[in-house]
Amino acid sequence: MAIKNLEKTVVSTLEKLEKLKLDEKLHAELSWCWKSYEFDNNPEGVIEKSKEALGLLKAKREENSKAVSKKLIEDLEKITTN
């Protein structure tokens, strides 16, 4: 997993969750996990919370395909599959 791709995807995910006002608790948890990852380089929390965000964003995309980009979904799928 490329760190640059991980960073870009997580930041984009956080921005999208905030913009769409989806699950503020998940946003806070993912943000915390990201800061933790930057400190200790352990991606477990980031991956776990990214999986939750992926499910939420996929559901939102099914409701409105323009709300969430296909690329963001694909990028999230890449970082959450091992």
Side-chain angles (χ1 to χ4, degrees):
M1 159 177 33
I3 293 172
K4 195 109 174 136
N5 290 343
L6 177 65
E7 178 179 8
K8 184 178 177 188
T9 301
V10 171
V11 170
S12 295
T13 300
L14 287 167
E15 289 171 352
K16 186 56 72 172
L17 288 171
E18 186 173 12
K19 182 178 180 184
L20 297 174
K21 296 179 176 36
L22 296 174
D23 200 337
E24 291 178 19
K25 182 179 178 205
L26 176 59
H27 181 280
E29 290 172 345
L30 180 57
S31 180
W32 186 89
C33 288
W34 176 247
K35 293 299 180 191
S36 175
Y37 170 76
E38 290 181 320
F39 178 74
D40 64 13
N41 291 322
N42 182 347
E44 283 184 47
V46 172
I47 291 170
E48 180 184 327
K49 293 302 171 183
S50 293
K51 285 180 184 178
E52 290 179 35
L54 175 61
L56 193 61
L57 293 174
K58 273 185 171 180
K60 189 65 174 179
R61 182 168 167 76
E62 286 178 18
E63 285 177 24
N64 178 359
S65 63
K66 292 183 180 182
V68 180
S69 73
K70 181 179 177 185
K71 178 160 179 17
L72 180 57
I73 298 293
E74 290 171 349
D75 289 347
L76 271 170
E77 287 173 337
K78 285 179 191 172
I79 67 168
T80 58
T81 54
N82 295 341

Could you measure the distance from the [atom1] atom of [X] to the [atom2] atom of [Y]? Nearest 0.5 Å is fine.
X	Y	atom1	atom2	result
Ile73	Lys60	CD1	NZ	12.5 Å
Cys33	Glu44	SG	CD	10.5 Å
Leu54	Thr9	CG	OG1	11.0 Å
Leu76	Ile47	CG	CD1	11.5 Å

Assess whether a salt bridge exists between Glu48 and Lys51, defined as any Lys/Arg side-chain N lying under 4.0 Å from an Asp/Glu carboxylate O.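 Salt bridge absent between Glu48 and Lys51.
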For the pair Lys49 and Glu52, evaluate salt bridge (Lys or Arg N to Asp or Glu O under 4.0 Å) and give the outcome as yes or no after the intermediate values. CA-CA 5 Å; Lys49 293 302 171 183; Glu52 290 179 35; 3.2 Å; yes
So do [Y] and [X] actually touch side chain to side chain, heavy atoms under 4.5 Å?
X	Y	result
Ser50	Leu30	yes
Glu7	Trp34	yes
Asp75	Asn5	no
Ile79	Val10	yes

Could you tell me whether a side-chain N or O of Ser31 sits under 3.5 Å from a main-chain N or O of His27, the two making a donor and an acceptor? no
Pairs under 3.5 angstrom only: tabulate donor-acceptor contacts from the side chains of residues 15-23 to other protein residues two or more places apart or in another chain.
| unit_1 | atom_1 | unit_2 | atom_2 | d |
| --- | --- | --- | --- | --- |
| Lys16 | NZ | Ala67 | O | 3.0 |
| Asp23 | OD1 | Lys25 | N | 3.3 |
| Asp23 | OD1 | Leu26 | N | 3.0 |

Answer yes or no: does atom CD of Glu24 have more than 12 heavy-atom neighbours from other residues, nucleotides or ligands under 6.0 Å?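 No, the 6.0 Å shell around CD holds no more than 12 heavy atoms from other groups.
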